[in-house]
Amino acid sequence: MIFYYLRLAAISLRRNWGQTTLMILAIGLGIGVCMSIVTINYLMAKDPIPDKSSQLYYVQLDNWDPNRPAESPNEPPDQITWMDHQALMSAAKAFRQTGNASATAIIRKPDDDNFRPFLARIRGNHADFFPMFDVPFLYGTGWTSDAHRDWGADQVVVLSRETNDRLFGGEDSVGREITLGNPTEFSSNLFRVIGVLDEWRPVPRFYDLTSNYFSDPAEIFIPFGLILSQGLSRSGNTNCWKPTGDGLRAFLGSECVWIQYWTELRNHQEKADYMAYLDQYVTEQKEGGRFPRPLNNRLSNVNEWLDHENVVQPEAKMLLAVAVMFLVVCLLNTIGLLLSKFLGKSSEIGVRRALGASRGSLMYQYLVETAMIGFGGGLLGLLLTWLGLESMLAIFGSDASNLMRLDLNMVVAAVALAIASAIGAGLYPTWRACRIDPAAQLKSQ
Amino acid sequence: MEIGPIFRALLRNRTGAILIAVQIAFTLTVVLNAAVMINEQVSKAGRPSGLNEADTFHMQSEAIDTINPQVTINNDLRAIRETPGVANALQMNTIPLSNGGWSTGVRVQQGDDPPVYSAAMYMVDDQAIDTMQLKLIAGENFAASDVVWRKPDESGWPGRVIITKALAKSLFPDDSPETTVGRAILLGESPANIIGIVDQLQAPWTQSSQIESSVMVPQQFQTGSPRYLIRAEPGQRDRLMPEIEAQLAERERGRMIRNLYSMDEVRRRSYNLETGLAMILGFVMVVLLLITGLGILGLASLSVRRRIKQIGIRRALGASTRDVLRYFLIENLLITSSGVVLGAIMAVAFNIALVNAMNFPKIEWYGVPLGMVVLVLLGQLAVWGPARQACGVSPATATRTV
């Protein structure tokens with residue numbers, strides 16, 4: 001039966017092709033605009049590490065100015081100081097922990113004079129970083145967490161997959177050497193590759209939300225201590241609330257925050273214990289005259305932290321509301337057009353009813369017809385979504401490219417939404433059409 | 001008047017009318033709020049930075065390979081300034097509109113616990129005002145002898161500074177900015193005296209709420225990756241950009257020239273989000289109006305087709321084509337009017353919600369009536385075709401079927 005109805009629907013749609021085109025266009029445009037914007041919102045708000053997001057906690061300590069909070073109303077700063085990083089790392093009270101910070105360096109290949117040096121994004125982190133964030137390796141491994149290597153006694157690096165492609169044409173480069181140079185201080189040092197990552201680009205880049213977190217992740221990972229000992233140029237945000245004095249030593253002993261600190265805590269007990277440890281640590285520090293503000297430490301899991309940092313921009317939420325209203329208008333439009341279509345068929349319906357077709361089977365037939373329109377609209381909408389994302393990519397530039405990808409979930413959702421909206425929009429007109437009194441219709445012929 | 005019968009006829013056949021009215025209400029809601037957003041984004045992306053952007057570009061020399069960067073920087077600057085077509089050039093620690101830079105809390109020296117204003121710090125020499133073509137509205141420029149080298153790990157600030165008018169207004173709200181020359185302020189903890197006031201020089205952070213607060217200090221930054229800001233003679237910029245890049249690369253092999261951008265390009269990149277948002281909303285707005293217009297057209301032509309016989313009867317009873325035309329125009333007017341009234345309420349409610357939820361602009365008082373008029377006109381335009389079609393119905397139609 002369904003094939004018969006499909007054929008009927010095709011005939012009927014072809015007969016009024018102008019109207020059909022208009023309906024498919026209305027649904028398609030509605031879905032296209034709505035889905036492009038929903039996709040961006042979805043990718044912004046998506047859980048970047050669903051398996052572990054409730055076990056990874058971001059640490060905030062309130063070492064700020066006694067007179068004003070780091071952020072109103074009473075938020076602690078979003079990074080921690082070098083001193084606190086040292087203390088927390090050496091206490092190692094969490095199951096896993098890592099501080100991390102970003103830097104830049106000029107990359108050269110010591111054995112290849114023809115290689116064009118380039119400026120790379122560096123991330124300094126500890127050994128736990130890789131297992132904590134489920135970072136996939138293509139070749140080799142990260143460094144081990146024994147204190148000696150983790151603090152950067154060895155000059156080792158882990159490359160991202162793209163960087164390995166660029167430097168070594170994608171081959172297993174474990175054991176090869178590159179140099180990392182400071183862009184401002186004319187130094188450069190030899191590093192040995194010990195690992196190459198597989199494709200890894202969490203969106204948003206949750207482990208560091210302090211700078212553009214929709215751009216690509218770091219290109220090279222090095223043991224945290226090397227950022228300072230090798231004099232690389234730090235590139236993340238640094239915030240200070242009181243003057244630091246001159247020189248690196250003064251900076252490290254200052255209240256300036258520049259390090260992001262993550263812990264992995266497997267259950268509530270571990271979380272409670274760690275919170276107690278943080279409070280105890282800060283209370284001890286207060287005795288030494290630091291931490292002038294009342295106790296205000298925070299542990300936020302990944303999703304809480306994304307939320308706290310407003311990863312979904314308010315503008316994006318406004319666009320989403322606009323997109324939904326746009327879809328509503330398109331659907332109202334479709335309802336109107338379907339209404340006019342089915343009411344135009346009154347006489348046909350009258351004849352069918354008089355010949356014994358039940359309301360149910362008419363209803364079924366016309367729903368098949370609207371579903372076909374919905375499918376057409378869905379396909380068009382998908383095409384328009386893709387076009388919309390491509391043109392937004394052209395507008396916003398490659399920095400946002402991670403947000404402008406059509407995700408498989410979204411493809412399925414778009415087609416499903418289109419069919420559901422078309423059927424939803426078709427229900428009332430179908431119902432109206434099927435209520436037509438056959439006797440009256442036949443009489444007026 | 002005919003409104004009575006038209007209205008009663010509408011009530012007997014509500015569905016189509018309600019559909020159109022609700023559609024118009026949503027359209028008005030989106031269009032009005034999109035319009036204020038577009039207006040705000042476009043004006044934000046277009047606000048002046050205080051410098052002559054049209055003729056200016058910048059570049060950064062990375063990893064200059066020398067024992068003493070001061071020599072290279074001075075040689076670079078001399079060579080750039082002597083290049084024919086260059087009006088003037090400057091080494092800066094950061095570039096306006098580039099979204100990266102240095103800031104310091106600035107406050108007045110007297111009083112206890114005076115408010116602290118965050119200001120951008122520009123390290124410049126005595127050529128800054130000429131290179132950027134800033135307007136010095138009071139006081140004097142730096143003397144060449146004021147300019148000193150700043151070491152990479154130095155943290156204090158020099159004692160003679162030029163600040164922007166907006167910062168002077170914040171620091172000394174009771175005095176006119178021109179009279180604040182010579183006053184004592186604190187940059188972080190470093191005491192300094194204001195020696196000049198410039199009309200405008202924006203801080204580099206385009207999203208900052210204190211974008212007009214900037215301080216210029218007479219310092220040259222000793223760094224291995226100096227940034228140069230270069231102003232060309234009018235019309236020479238595009239020729240000079242590759243020329244000076246090549247010239248710098250030539251003068252010292254092994255260095256890397258990065259960030260060669262005209263100020264127009266810097267502005268475009270920094271306001272990417274704003275212009276992009278405006279473009280998306282503009283597109284949504286236009287398509288929405290188009291779809292609503294088409295929807296009205298579709299439903300109006302349906303209602304004409306269903307009433308062919310009635311129209312024929314009216315014509316046979318003596319109604320002129322103008323009467324028929326007027327009937328459909330007035331009917332449409334009634335529908336769209338109720339739609340725009342509902343839409344005005346929804347638009348304002350949505351606007352209030354947005355204003356409360358984020359830093360969203362309010363709809364101007366004239367926006368609502370303007371939007372209402374536009375949509376009513378759109379409705380009349382869309383119904384015009386079907387109404388003309390209705391006029392073509394001949395009075396004889398009435399007699400064909402009974």
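Predicted, not measured: the structure shown is a model, and the values here were computed from it. In what follows, chains are A, B, ... by sequence order, proteins preceding strands, each numbered from 1.
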* **Side chain / backbone / both / neither for I280(B) at chain A, heavy atoms under 4.5 Å** => side chain
What donor-acceptor contacts under 3.5 angstrom involve side-chain atoms of residues 250-258 of chain A, with partners at least two apart or in another chain?
unit_1, atom_1, unit_2, atom_2, d
S254(A), OG, F251(A), O, 2.6
S254(A), OG, C256(A), N, 3.1
E255(A), OE1, N63(A), ND2, 2.8
E255(A), OE1, R290(A), NH2, 3.2
E255(A), OE2, R290(A), NE, 2.7

* Rounded to the nearest 0.5 Å, what's the gap from CG on L319(A) to CG on L281(B)? Could you check? => 5.0 Å
* **Heavy-atom proximity to chain B below 4.5 Å, by part of V322(A)** => both
* Structure fact -> Residues G336(A) and L299(B): closest non-hydrogen pair is O-CD2, 3.5 Å
* Which answer fits V329(A), side chain, backbone, both or neither, if we ask what part of it has an atom under 4.5 Å from a heavy atom of chain B? -> both
* What is the distance from atom CE of M23(A) to atom CG of L294(B), rounded to the nearest 0.5 Å? -> 13.0 Å
* Under 4.5 Å from a heavy atom of chain A, the part of L288(B) involved -> both
* **Note, V287(B) side chain near L29(A) side chain (heavy atom, < 4.5 Å)** => yes
* Structure fact -> With sequence neighbours left out, the residues meeting salt bridge (charged side-chain N to carboxylate O under 4.0 Å, His left out) with K109(A) are D112(A)
* Asked: If you count heavy-atom pairs under 4.5 Å between each of L337(A), I335(A), L25(A) and chain B, which one has the most?
  -> I335(A)
* For T292(B) against N333(A), the heavy-atom pair lying closest together -> N-ND2, 4.2 Å
* Which bit of R269(B) is near chain A, if near means a heavy-atom gap under 4.5 Å: side chain, backbone, both or neither? -> neither
* Rounded to the nearest 0.5 Å, what separation is found between the CD atom of Q60(B) and the CG atom of L119(A)? -> 8.5 Å
Expected list for residues 19-26 of chain B: side-chain donor-acceptor pairs under 3.5 angstrom, two or more places apart:
none

* Asked: What are the residues of residues 31-40 of chain B, in order of number, with any heavy atom under 4.5 angstrom from a heavy atom of chain A?
  -> N33(B), M37(B)
* **Whether over 12 other heavy atoms sit under 6.0 Å from F283(B) CZ** => no
